Amino acid sequence: MAFTKFGELQPEQITNWNRVLWKNARNKSWLNTVLGTSANSVVQHVKELTVNGKGARAAITLVPDGENDGVAGDRNLEGRESALTSVAQYITIDQLAAAHINKGVMDDQRTIVNFRVQARDALEYWLSDRIDQLAFLTLAGIDYKYRPDGSERPIGDPDVVTELHLLDFAQDVSPPTERRRIRWAKNTADSDGALVVGGVSGDVVATDTITWNMIVRLKAWAHSNYIKPVRGPNGEDLYHLYVPPFVLADLKLDPAYMQAVTHAAQRGDKNKLFSGGILPVDGIYVHEHRWAPSTIRAPAGSKYGSTGNIDGAQLLFCGAQALAFADLDSVNWCEKKFDYDRRKGISAGRIIGFKKPLFPNRYTNGQSEDHGVVSVYVATKGA
């Protein structure tokens, strides 16, 4: 158990802080921006839970399109009806919790830093950050023993509690299916690059960085393979592509992308090139997030390429219902006193579950494939 000891701050630190605490760089919660209760959401929020012998779980069901083309004219229809089929999958749920405890009442007297306020703030960020990590890892099919940046979690370290891999729904994480994983081959005979369906990260070469051409080709491939898009406010078909920061930098340095932004966006300081934003590319919104999977902090030999030494990223191209998320009630906060009320502790927990749906249908030749997400392996120049 590690105690929070704000009272051991040096006098100079207390004076300099003057009750204003600096924080590490933080992302806003990603999940909340893409979560919705309808089928027209990147992450569908499943609220209906059922209870069985193993506890509560949520069901997600797909009704595939029918094969029947119908009868012509006045030909007999009765007795020639076709049955609708459905395929169900289940989201397992489990609780994720953490807590902070202070050293004691005398330690609180020695510092102006409010333990209760800072503990709640830290736990709020911890919970949203770990849920975002779990969401990206589930979409990518990466074991929870790893962080999305490729580094290994310190499992077994006595000073660090890390048990995400023990969550009940961790066993449901599945790697990208064959027709939902693509390697981007940038340098091909036609110079426009090619999408290698079924490609693997081990075949990535250092020059396979993201380009404008890749994104345009990716949308065409998704449409022709019936990856369901998100329907926009004006009825347009939209997709969302999640990339880590270095990959977004590679895209912004691509001459074709720069030319498109220069001519398509308004001139002046509000142009996306200068505001740090990103334009939608052919109906695809490209989003930067540091937890979009990459190998930036993976050890040598565990990256991409034939020798495992090429830095790369697993881009997540998402349509509708790419991921399912279930939760039970809201965050459970608990404040407790220990040791004859001389020590304070605060905990936060939430019962959640993730599932990346895999469904068979006639567009995938009856094979079970990832329903709404495509993984694209690219190289990145990194820092």
Side-chain angles (χ1 to χ4, degrees), residues 34 36 38-44 46 58-70 81-92 135-143 169 171-185 193-204 214-231 236-242 282-284 293 314-326 353-378:
V34 295
S38 74
N40 193 45
S41 308
V42 173
V43 181
Q44 187 164 353
V46 182
I60 49 177
T61 305
L62 175 73
V63 179
D65 295 336
E67 295 276 3
N68 200 328
D69 290 329
E81 301 89 352
S82 60
L84 289 175
T85 60
S86 64
V87 182
Q89 292 189 357
Y90 297 94
I91 310 171
T92 303
F136 276 111
L137 290 170
T138 306
L139 275 170
I142 299 174
D143 195 299
F169 52 88
Q171 62 186 345
D172 297 328
V173 174
S174 58
T177 54
E178 185 174 4
R179 290 198 59 79
R180 295 294 183 265
R181 68 172 190 265
I182 291 175
R183 178 180 70 86
W184 170 238
L195 302 174
V196 182
V197 180
V200 295
S201 60
D203 292 335
V204 170
M214 188 211 84
I215 297 176
V216 173
R217 287 182 178 274
L218 187 57
K219 181 189 176 182
W221 183 89
H223 256 174
S224 62
N225 284 271
Y226 295 90
I227 305 297
K228 180 183 176 183
V230 175
R231 190 57 52 89
E236 68 273 30
D237 290 341
L238 302 174
Y239 294 99
H240 296 267
L241 181 66
Y242 297 97
D282 195 29
I284 302 174
Q314 183 179 345
L315 313 187
L316 298 174
F317 179 88
C318 297
Q321 298 176 298
L323 184 67
F325 171 72
F354 283 105
K355 180 74 173 182
K356 179 178 62 170
L358 289 80
F359 290 120
N361 58 65
R362 65 189 179 97
Y363 308 120
T364 60
N365 298 320
Q367 300 296 315
S368 289
E369 299 282 355
D370 292 340
H371 178 62
V373 60
V374 180
S375 290
V376 185
Y377 299 108
V378 302

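What you see is a predicted model; the values in this text were computed from it and never measured. We use all heavy atoms of the structure for the numbers below, so side chains are in, but hydrogens, waters and symmetry mates are not. Counting begins at 1 with the first residue of the sequence.
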### Query
Can you tell if the side chain of Y242 reaches within under 4.5 Å of the side chain of V373, non-hydrogen atoms only?
no
### Query
Are I91 and V46 close enough that some pair of their side-chain heavy atoms sits under 4.5 Å apart?
yes
#### Entry: Within the 6.0 Å centroid threshold, strictly below: H223 and Y239
yes
Which heavy atom of [X] sits nearest to which heavy atom of [Y], and what is that distance?
X    : Y    : value
A39  : Q321 : O-CG, 3.4 Å
W184 : G193 : CH2-CA, 3.3 Å
E178 : E369 : N-OE1, 3.7 Å
P293 : I142 : CB-CD1, 3.9 Å
Q89  : F359 : CG-CE2, 4.1 Å

### Query
Going through the checks in order, is the side-chain contact (heavy atoms from CB on, under 4.5 Å) test met by L195 and M214?
CA-CA 8 Å; L195 302 174; M214 188 211 84; 4.2 Å; yes
### Message
To the nearest 0.5 Å, what is the distance between CZ on R183 and OG on S375?
### Response
15.0 Å
### Query
Are the side chain of T364 and the backbone of P360 linked by a donor-acceptor contact shorter than 3.5 Å?
no
### Query
Is there a donor-acceptor pair under 3.5 Å between the side chain of Q314 and the backbone N or O of V376?
no
#### Entry: Positive for side chain to side chain contact (heavy atoms under 4.5 Å, CB included) with D370, one of I227, L323, L358
L358
### Message
Pair F136, L316 - check side-chain contact (heavy atoms from CB on, under 4.5 Å), show working.
### Response
CA-CA 9 Å; F136 276 111; L316 298 174; 3.7 Å; yes
